[in-house]
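Letters A, B, ... mirror the listed sequences (proteins, then strands); counts begin at 1. Note that this is a predicted model, so its numbers are computed, not measured.
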Amino acid sequence: MAPARPVTPDLRTIEVHGMTRGSFIVRGALAAGAAYGAAAAGPYVHDALGQGGDRSGDLEILAFALTLEHLEAAFYERAARLRLSAPVRELAASFGNHEREHVEALQDTIDQLGGEPEPPPKVEFGLRDERGFLRLAQTLEETGVSAYNGAATRIGSREVLAAAGQIVQVEARHAAAIRAARGLQTAPRPFDDALEMAAVLKAVEPFVRP
Amino acid sequence: MHESTREPGRDEPGAMEELARDPSSRKRFLKMAGGAGAASAFAAFLAACGGNDGGGGGGGGKQTSTAEPSPAGGGANASREPNADPRQGTSDVDILNYALRLEYLDTAFYAAAIESGLFRGRERVMLQRFRENEQAHLKTVRSTIEKLGGRPVARLETKFPMGSRLSVLRLASKLENGGAAAYLGQANRIRSKEVLAAALSIHSVEARHAATVDGLLGLPPAPQGSFALPLTMEEVLGETQRFVAS
């Protein structure tokens, strides 16, 4: 049950379409993040990825990560159409590049492991101006950090885990830079924690099953 | 923009800074992975190392219980033999004690930076926040070692040069980028899921610190581009040794 007043309402302005498993989990992560704050995405994702049983496997995790990266890449692409100040435009362009490279890397990895990369989901954002962009960018990146951290402990292959670590560190750097651009504390909590959110798990259960 | 201002002498960039910032180390990664583009290199890296998914399972027999991190099999993620188990030779307690050493350094560094009087206003508030974060990490890492029945290494005596605002920020950048790379280098060597979850939730906060400090130095928040690079235990311990007073 979502609380009456969502913690991060702007996450609700993101629409992710599509019937793939990746789209489904991303939608749930955004819903959990909107209702309880970005840090709730991790426990949600951890739980959702556990639904497939012991060996739902790295391919499912990678499919989820790919959908998330598609979403982020599309987000920065849309942002480029806004009227942005020079430093924010530069930031959006640079981060967009990173997300596109994450997409390519994940697609290649899924190929290598014998999977079939899911197509990008149709997405919509309520982006209007620079302020709104920065606010949504922050929550989206922080949702991403939490989601990767939550998914990581489900990963079986040490190589996929190392690679996910390489990506999540960059997402965390994005989150900090965007917070700095907004004049906010860049690391407001000592842990980007999945653990302390255990209490949230129960609350997000309704989102977990399709 | 301070990119071109480099202090001479003792502030020559060390191996850690180079690895953490120099784009050529990214090239090294790509070269190692044997691909042209970042994406294909990444996949090639996975393919080259692949096939040992789940190999070793618990790997319980390999646990050592020395309190000092053993450099044996030292986290050479970038250069280890294909199909070698990255966990070989190192227990979670070893890894946590290595993390504890880094957290000792970080907390002592921020205490010295705050005390130096070189920082005011927002920057001072930031340093205080980062110090609190590092203290929380230290506590968590130490209590996790104890929970696992290990013995935490003793607090380190440290020495940090406190010259100017700029040199202290550069030092912070070195420590934080190095710390993030250090945690990244251990992620796939950790056996326990709980320890992994804790390490990851610290890792991304060190990354936030690094990006923030780099921003104050006029550097890009993700100096290595799309994929952050790990550092091995030997690299990090070698590079931080000069901050240990003894």
Enquirer: Taking B:Arg208 for its side chain and A:Ala176 for its backbone only, find out whether a donor-acceptor pair lies under 3.5 Å.
Expert: no

Enquirer: Using a 4.5 angstrom heavy-atom cutoff, name the option from A:Ala187, A:Ala181, A:Ala152 with the most pairs to chain B.
Expert: A:Ala187

Enquirer: Between A:Ala175, A:Ser94, A:Ala177, A:Pro188, which residue shows the highest count of heavy-atom pairs closer than 4.5 Å to chain B?
Expert: A:Pro188

Enquirer: Should we count NZ of B:Lys193 as having more than 12 external heavy atoms under 6.0 Å?
Expert: yes

Enquirer: Apply ring-ring contact (aromatic ring centres under 6.0 Å, His included) to A:Phe133 and A:Phe75, showing your working.
Expert: CA-CA 9 Å; A:Phe133 159 68; A:Phe75 174 73; 5.4 Å; yes

Enquirer: Under 4.5 Å heavy-atom distance to chain B, tell me which part of A:Gln185 shows up: side chain, backbone, both or neither.
Expert: side chain

Enquirer: Looking at every non-hydrogen atom in both residues, tell me the closest pair between B:Val205 and A:Asp192 and how far apart they are.
Expert: CG2-N, 3.5 Å

Enquirer: Can you tell me how far the CG atom of B:Leu184 sits from the OG atom of B:Ser204, to the nearest 0.5 Å?
Expert: 11.0 Å

Enquirer: What residue, out of B:Ala136, B:Ala210, B:Ala222, B:Ala228, has the most heavy-atom pairs lying under 4.5 Å from chain A?
Expert: B:Ala228

Enquirer: What residue in A:His102, A:Arg179, A:His174 has the most heavy-atom pairs under 4.5 Å with chain B?
Expert: A:His102

Enquirer: Measure distances from B:Tyr183 to the heavy atoms of chain A and classify the residue's part below 4.5 Å as side chain, backbone, both or neither.
Expert: neither

Enquirer: Run the numbers on B:His137 and B:Glu134 for side-chain hydrogen bond (donor to acceptor under 3.5 Å, both in side chains), then give the verdict.
Expert: CA-CA 5 Å; B:His137 296 169; B:Glu134 304 296 2; 3.2 Å; yes

Enquirer: Using non-hydrogen atoms only, which part of A:Asp111 is less than 4.5 Å away from chain B: side chain, backbone, both, or neither?
Expert: neither

